[in-house]
S.K.: 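One structure coming up, written as structure tokens, with questions to follow.
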Amino acid sequence: MTVSILVFAGSVRGQALSGKTADAATRELALQGAEVTRISLADYPLPIFDQDLERDKGVPQNAVKLASLVASHDGFLIATPEYNASLPPLLKNAIDWISRVKQDGSGRTIRAFAGKSGAICSSSNGVFAGIRAANHLRAVLVHCQAEVVSAQCSVGRAQEAFDEAGNLRDEATQKKLATTCRALLEAASISRQRRN
Ligand SMILES: Cc1cc2nc3c(=O)[nH]c(=O)nc-3n(C[C@H](O)[C@H](O)[C@H](O)COP(=O)(O)O)c2cc1C
């Protein structure tokens with residue numbers, strides 16, 4: 001049975017390094033047999049989370065759409081940039097809104113991240129490769145009860161890390177990406193079997 005994976009980056013910038021990392025992960029997951037949905041958070045704009053706004057206007061439709069996408073896939077992979085040693089506000093805000101969604105568009109109860117298999121990639125132009133952002137993102141997702149695989153791939157010096165076709169130049173980093181994708185697909189496949 002084909003495993004479905006949702007992929008997105010924590011940046012919507014043109015030429016985003018995390019976008020390139022997400023694209024490389026998308027290709028690797030597809031190569032390993034997954035059915036991959038690659039989305040951009042740019043297509044799901046959200047206001048900064050505010051509990052007054054939530055009380056007065058409810059959860060925005062884009063948050064419901066994102067939560068429904070997470071819920072309807074067997075797993076997800078997020079490629080995060082690093083801002084001041086942590087995950088960027090765009091990504092944290094999207095996760096915060098998703099965590100507040102209780103029902104999908106059809107009124108079915110959902111807790112998008114609960115029990116969902118996830119994987120993390122990070123990238124940065126520095127030598128730390130966004131590892132601190134990846135660690136913070138892991139803590140956030142685990143808090144939301146996602147089952148995040150231990151394997152993760154961090155791309156350092158990311159401005160030079162990709163060739164013209166968008167593939168990782170460094171063999172060891174590509175191997176790490178393949179290992180991360182394999183671990184995610186195994187976990188997602190097991191949890192899918194558990195559900196069925
Ligand atoms: C507000 C801000 C803070 C940043 N802090 C870090 C940092 O702590 N560590 C790091 O490696 N890079 C840091 N950077 C550089 C980003 O990693 C770099 O801009 C990266 O390309 C952004 O991700 P993107 O290419 O996916 O948009 C920071 C950039 C910004 C704008």
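The basis for the numbers below is simple: all heavy atoms, side chains too, and nothing from hydrogens, waters or symmetry mates. For ligands, and for the atoms within them, numbers begin at 1 and follow the listed sequence. Positions are given from 1, in the same order as the sequence printed here.
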S.K.: Which residue owns the protein heavy atom closest to atom 13 (C) of ligand 1, what's the atom, and how far is it?
M.R.: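 I find the closest protein heavy atom is Glu82 O, 3.0 Å.
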S.K.: Between Arg13 and ligand 1, which part of the residue brings a heavy atom under 4.0 Å of the ligand: side chain, backbone, both or neither?
M.R.: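 Side chain only.
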S.K.: Take Asp96 and Arg100, measure what salt bridge (Lys or Arg N to Asp or Glu O under 4.0 Å) needs, and give me the verdict at the end.
M.R.: CA-CA 7 Å; Asp96 287 344; Arg100 303 296 282 186; over 6 Å; no
S.K.: Establish whether atom 16 (C) of ligand 1 and some protein heavy atom are separated by less than 4.0 angstrom.
M.R.: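 At least one protein heavy atom is under 4.0 Å away.
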S.K.: For Ser124, take its heavy atoms, then give the atoms of ligand 1 lying under 4.0 Å from any of them.
M.R.: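 Reading through ligand 1 atom by atom, the close ones are 10 (C), 11 (O), 17 (O).
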S.K.: Backbone N or O of Asp74 within a donor-acceptor pair of the Arg192 side chain at under 3.5 Å?
M.R.: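 Flag not set: sc Arg192 to bb Asp74 has no pair under 3.5 Å.
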S.K.: Phe8 and side-chain contact (heavy atoms from CB on, under 4.5 Å): which partner among Asp43, Leu77, Ile39?
M.R.: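 The single option meeting the side-chain contact (heavy atoms from CB on, under 4.5 Å) with Phe8 is Ile39.
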S.K.: Of the protein's non-hydrogen atoms, which lies at the shortest distance from atom 22 (C) of ligand 1, and what is that distance?
M.R.: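 The protein heavy atom lying closest is Pro81 CB, 4.0 Å.
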S.K.: Taking it one step at a time, do Lys116 and Glu147 satisfy salt bridge (Lys or Arg N to Asp or Glu O under 4.0 Å)?
M.R.: CA-CA 6 Å; Lys116 190 66 63 182; Glu147 294 184 6; over 6 Å; no
S.K.: Closer than 3.5 angstrom, by distance alone: can the side chain of Arg157 be matched with the main-chain N or O of Val127 as a donor-acceptor pair?
M.R.: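 Side chain of Arg157 to backbone of Val127: no pair is present.
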S.K.: Output yes when Asp52 and Arg55 qualify as a salt bridge under the 4.0 Å nitrogen-oxygen rule, no when they do not.
M.R.: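 Between Arg55 and Asp52 there is a salt bridge, with a charged N closer than 4.0 Å to a carboxylate O.
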S.K.: Can you tell me the protein heavy atom closest to atom 5 (N) of ligand 1 and the distance?
M.R.: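 Checking every protein heavy atom, the shortest distance to atom 5 (N) of ligand 1 gives Asn84 N, 2.7 Å.
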S.K.: Is a side-chain donor or acceptor of Asn125 paired with a backbone partner of Gln159 at a separation under 3.5 angstrom?
M.R.: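 Confirmed, Asn125 side chain pairs with Gln159 backbone.
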S.K.: If the cut-off is 4.0 Å to any non-hydrogen atom of Ser11, which atoms of ligand 1 fall inside it?
M.R.: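 Going through ligand 1 atom by atom, the ones under 4.0 Å from Ser11 are 24 (P), 26 (O), 27 (O).
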S.K.: Kindly say whether Ala178 contributes a backbone atom to a donor-acceptor pair with the side chain of Gln32 at under 3.5 angstrom?
M.R.: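 Indeed, once roles are kept as given, a pair shorter than 3.5 Å links the two residues.
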S.K.: Relative to the heavy atoms of Arg132, which atoms of ligand 1 are at a distance of less than 4.0 Å?
M.R.: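 Selected atoms, number and element: 8 (O), 9 (N).
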S.K.: Starting from atom 26 (O) of ligand 1, find the nearest protein heavy-atom neighbour and note its residue, name and distance.
M.R.: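 The protein heavy atom lying closest is Ser18 OG, 2.5 Å.
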S.K.: Could you tell me, atom by atom, which parts of ligand 1 come under 4.0 Å of a heavy atom of Ala85?
M.R.: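 Matching atoms, with element in brackets: 7 (C), 8 (O).
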S.K.: My question is simple, although I want it checked carefully: is atom 19 (O) of ligand 1 less than 4.0 angstrom from any protein heavy atom?
M.R.: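 No, no protein heavy atom sits under 4.0 Å from atom 19 (O) of ligand 1.
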